[in-house]
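What follows is a single structure, written as structure tokens, with notes after it.
We use all heavy atoms of the structure for the numbers below, so side chains are in, but hydrogens, waters and symmetry mates are not. Along the sequence shown, the residues carry numbers beginning at 1.
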Amino acid sequence: MKANHKNSMTLEEFKEKNYGKRGTKERDELEAGYEAFKIGALIHDTRIELGMTQEQLAEKVGTSKSYISKIENNLKEARISTLQKIIELGFGGQLELTIRI
């Protein structure tokens with residue numbers, strides 16, 4: 001049986017239809033929210049990979065378990081200095097930032 005995809009659309013098409021083209025206020029807010037979500041998800045996944053609890057990570061970084069939870073769940077945005085501490089002190093890694101124009 002062949003699937004009917006006449007009503008399906010790509011993620012990019014969905015975002016454009018519902019939030020407008022890149023550069024519009026609504027679309028920029030959506031993309032910014034996704035970046036914040038992505039950072040929290042990356043921290044969560046890395047912490048789990050390393051077998052750490054939120055409490056253990058917080059202790060290494062010098063913050064609270066609640067704060068780590070809020071970052072991971074996109075309830076709080078981490079400052080770059082805090083993100084650097086999480087990556088370097090908590091995970092033993094190195095934070096690299098890129099700017100694209």
Side-chain angles (χ1 to χ4, degrees):
M1 178 181 243
K2 192 173 184 180
N4 183 353
H5 296 289
K6 72 178 184 178
N7 293 328
S8 65
M9 64 178 73
T10 66
L11 178 57
E12 188 63 29
E13 290 168 338
F14 175 83
K15 291 191 289 187
E16 213 168 278
K17 178 182 177 191
N18 292 286
Y19 297 94
K21 293 191 179 291
R22 289 180 188 267
T24 62
K25 181 182 177 207
E26 292 82 10
R27 179 67 178 268
D28 288 348
E29 288 173 356
L30 174 74
E31 300 294 343
Y34 173 71
E35 289 304 314
F37 166 79
K38 189 166 66 172
I39 288 170
L42 287 169
I43 290 170
H44 174 267
D45 290 350
T46 303
R47 178 180 61 74
I48 297 299
E49 261 183 48
L50 295 174
M52 297 173 70
T53 65
Q54 289 177 339
E55 193 169 355
Q56 289 168 327
L57 178 57
E59 190 175 305
K60 283 185 166 192
V61 175
T63 190
S64 68
K65 175 191 177 295
S66 171
Y67 186 66
I68 297 297
S69 177
K70 287 176 183 174
I71 293 171
E72 288 185 356
N73 291 294
N74 196 29
L75 299 175
K76 188 116 177 135
E77 288 186 21
R79 294 172 39 177
I80 291 177
S81 59
T82 303
L83 186 56
Q84 188 172 11
K85 285 179 185 178
I86 290 170
I87 304 305
E88 293 178 2
L89 300 176
F91 299 150
Q94 182 178 348
L95 177 63
E96 295 181 11
L97 299 174
T98 302
I99 297 175
R100 292 186 192 136
I101 298 176

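- Evaluated for a side chain to side chain contact (heavy atoms under 4.5 Å, CB included) with Q54, the options I68, I71, I43 yield exactly one hit, I68.
- Between R47 and E72, some side-chain heavy-atom pair lies under the 4.5 Å cut-off.
- How far NZ of K70 is from OG1 of T63: 10.0 Å, rounded to the nearest 0.5 Å.
- Using a 4.5 Å cut-off between side-chain heavy atoms of Ile, Leu, Val, Met, Phe, Trp and Tyr, I101 falls into a hydrophobic cluster with I99.
- Under a hydrophobic clustering in which Ile, Leu, Val, Met, Phe, Trp and Tyr are joined whenever their side-chain heavy atoms come within less than 4.5 Å, directly or via other members, M9 and Y19 fall into the same cluster.
- Residues that satisfy the salt bridge (Lys or Arg N to Asp or Glu O under 4.0 Å) test with R27, not counting sequence neighbours, are E12, E31.
- For E16, the side chain to side chain donor-acceptor pair (under 3.5 Å) partners are K21, not counting sequence neighbours.
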Inset, instruction - Begin from the C-alpha positions of E26 and L30 and carry the test side chain to side chain contact (heavy atoms under 4.5 Å, CB included) through to its verdict. - result: CA-CA 6 Å; E26 292 82 10; L30 174 74; over 6 Å; no
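- With sequence neighbours excluded, no residue forms a salt bridge (Lys or Arg N to Asp or Glu O under 4.0 Å) with K65.
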Tabulate below the donor-acceptor pairs under 3.5 Å that side-chain atoms of residues 76-96 make, not counting sequence neighbours, or state none.
unit_1, atom_1, unit_2, atom_2, d
Q84, NE2, E88, OE2, 3.2

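- Residues forming a side chain to side chain donor-acceptor pair (under 3.5 Å) with N73 (at least two apart in sequence, or on another chain): S69.
- Around atom CD of E59, no more than 12 heavy atoms belonging to other residues, nucleotides or ligands sit under 6.0 Å away.
- Other residues, nucleotides and ligands contribute at most 12 non-hydrogen atoms within 6.0 Å of the CD atom of E55.
- The hydrophobic clustering, which links ILVMFWY residues whose side-chain heavy atoms are closer than 4.5 Å, places L57 and I48 apart.
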